[in-house]
Amino acid sequence: MKIKTYVADNIQEAFYKVKTELGKDAIILQTKHIKKGGLLGFFAKNMVEVVAANDIDISSVQSAPKKPTIQVLPDIIKSEAAATTELVQIKSEVKELKDMINKLISVQKQPTNDIKADQSNISSPLKDIYNRMSDMEIETDIINAVISGISAEIKEDSSEIDLRNIFKKEIASLVDATEPIELSRENNIIAFVGPTGVGKTTTIAKIAAHFSLYKNKRVAMLTTDTFRVGAIEQLRLYGDLMEIPVFVVYNLEDMKLIHKDISNYDLLLVDTMGFNPNNRMQIKKIKGLLDNICPTEIHLVISASTKTCDLIDILNNYKELQYTKIIVTKLDETKSYGVLLNTIKAAKNCKLSYLTMGQNVPDDIEVASADRIADMILGEI
């Protein structure tokens with residue numbers, strides 16, 4: 001008796017191989033479904049394995065009960081039926097997978113804002129404008145407001161220059177008057193808060209250099225960031241280069257001791273530790289420190305690459321610290337400036353103070369302005 005195993009894509013192909021090699025009198029001993037190929041268990045292919053035999057002793061077959069022989073056909077029929085059912089199931093699963101992939105691709109191709117999905121009600125001259133705003137990841141309701149605001153001013157004979165001027169004016173109108181640091185006659189204590197890695201320390205150094213070198217003011221820097229590795233050393237390095245004193249506060253007792261020392265300066269810039277904006281305990285800890293420092297202003301520092309959903313969380317979670325102004329940093333690390341308008345809209349009763357776009361001290365910082373923000377949205381930078 002000759003026994004051989006065959007592997008094929010389906011039961012019909014396997015039976016064909018059996019018949020071709022072993023002849024029409026071959027007996028099917030076993031059929032089962034297996035997976036073959038793939039990588040580390042992934043992408044394996046469903047196949048059929050058939051065990052068949054021929055050259056069986058006729059006398060033994062004739063003397064043997066016919067029940068097993070009769071049983072072979074039902075087993076084959078059952079195997080074929082099972083194979084057919086499984087094939088249908090596999091096809092259904094493949095179709096569902098294709099539909100899912102197509103849906104994901106479709107979602108990825110869709111613009112961030114719903115307005116971009118339907119341009120039928122927007123005139124041709126405005127399409128480039130709202131496409132530009134959508135690419136900048138500006139929120140949908142802001143785009144709608146801008147389009148609505150300039151629609152009445154656009155005429156059929158409006159030139160491209162006229163169109164851009166109207167657009168720029170409308171964008172600028174969304175920006176409230178910005179407020180940089182203005183020193184009063186009394187001591188000015190400005191605190192900076194924000195998530196980890198947004199550039200608070202570098203921003204403080206830039207502002208310190210501006211008032212010390214260009215405004216000839218007595219400036220000191222104070223840090224409460226005793227957790228981040230190298231934070232104190234970084235601020236002290238800036239202080240040494242600009243000949244500006246740096247105070248370090250480890251606890252509330254330290255703050256009480258240095259109060260007299262810092263009262264002799266026109267401006268004290270306070271650096272705080274960065275942390276996860278969802279960490280309520282850290283927020284309360286920072287608030288306790290700020291309550292003892294008694295800053296005259298608190299600036300929230302955020303990165304220009306912050307996603308809108310994360311931006312909303314940051315603005316909401318930091319409200320407990322009572323910030324009144326916002327600094328947007330790292331504008332050189334993104335080409336999407338929609339965060340500027342999104343921040344203005346989300347941070348009610350707060351104004352932008354500064355924009356930063358690099359690591360150079362004292363350069364790479366400027367007072368925020370409506371015209372500058374409009375130029376960024378237009379790509380005129």
Side-chain angles (χ1 to χ4, degrees), residues 107-119 121-122 125-151 154 163-179 194-195 197-199 203 277 299-318 323 325-358 364-381:
V107 170
Q108 289 177 350
K109 288 183 177 179
Q110 286 179 358
T112 304
N113 303 297
D114 295 337
I115 185 173
K116 197 163 183 177
D118 182 15
Q119 303 184 22
N121 61 338
I122 299 178
L126 295 178
K127 288 183 179 180
D128 289 341
I129 290 178
Y130 90 52
N131 283 338
R132 175 70 183 177
M133 289 189 289
S134 182
D135 291 339
M136 286 284 154
E137 299 182 8
I138 298 173
E139 288 190 345
T140 304
D141 52 353
I142 299 177
I143 297 178
N144 286 328
V146 172
I147 294 297
S148 176
I150 65 178
S151 293
I154 301 298
L163 188 61
R164 292 181 72 83
N165 288 337
I166 293 171
F167 179 35
K168 183 175 180 178
K169 180 181 177 182
E170 187 66 26
I171 292 292
S173 70
L174 299 177
V175 182
D176 293 334
T178 58
E179 289 185 2
V198 296
T203 300
H299 292 236
L300 174 62
V301 184
I302 59 174
S303 169
S305 59
T306 305
K307 296 179 181 178
T308 300
C309 58
D310 296 329
L311 170 68
I312 300 300
D313 286 342
I314 292 170
L315 294 175
N316 289 334
N317 293 339
Y318 274 82
Y323 61 87
K325 297 180 182 180
I326 297 175
I327 298 174
V328 180
T329 62
K330 301 187 177 183
L331 285 161
D332 57 311
E333 296 182 10
T334 182
K335 293 182 179 179
S336 176
Y337 305 117
V339 66
L340 295 168
L341 295 183
N342 296 339
T343 299
I344 292 169
K345 173 181 174 292
K348 298 178 181 178
N349 301 322
C350 290
K351 300 183 184 301
L352 295 181
S353 54
Y354 296 95
L355 307 176
T356 77
M357 59 292 293
D364 296 341
I365 187 170
E366 62 184 70
V367 175
S369 70
D371 287 342
R372 175 62 164 161
I373 292 172
D375 287 338
M376 288 181 177
I377 300 298
L378 281 165
E380 297 178 350
I381 56 174

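What you see below is based on every heavy atom in this structure, not just the backbone, and it leaves out hydrogens, waters and symmetry mates.
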[X] side chain to [Y] main-chain N or O, any donor-acceptor pair under 3.5 Å?
X	Y	result
D310	T306	no
S148	N144	no
S134	N131	no
T329	V198	yes
Y318	G194	yes
N342	E137	yes
T178	S353	no

As an exercise, state the distance from [atom1] of [X] to [atom2] of [Y], rounded to the nearest 0.5 Å.
X	Y	atom1	atom2	value
K307	D313	NZ	CG	12.0 Å
I314	I302	CD1	CD1	6.5 Å
R132	I143	CZ	CD1	12.0 Å
M133	L378	CE	CG	9.5 Å
I327	T343	CD1	OG1	12.5 Å
L340	L352	CG	CG	6.5 Å

Checking side chain to side chain contact (heavy atoms under 4.5 Å, CB included) for the pair L341/M136: CA distance, chi angles, key distance, verdict?
-> CA-CA 10 Å; L341 295 183; M136 286 284 154; over 6 Å; no
To check you understand the geometry: which heavy-atom pair defines the closest contact between [X] and [Y], and what is its length?
X	Y	answer
A304	L331	CB-CD2, 3.5 Å
I326	C350	CD1-CB, 4.3 Å
A370	A172	CB-O, 3.6 Å

Hey, is NZ on K351 packed in by over 12 heavy atoms from elsewhere, all under 6.0 Å?
-> yes
Option among T334, D332, I365 that satisfies the side chain to side chain contact (heavy atoms under 4.5 Å, CB included) test with M357 | D332
Does the side chain to side chain contact (heavy atoms under 4.5 Å, CB included) test come out yes or no for I373 and Y337, once each step is laid out?
-> CA-CA 8 Å; I373 292 172; Y337 305 117; over 6 Å; no
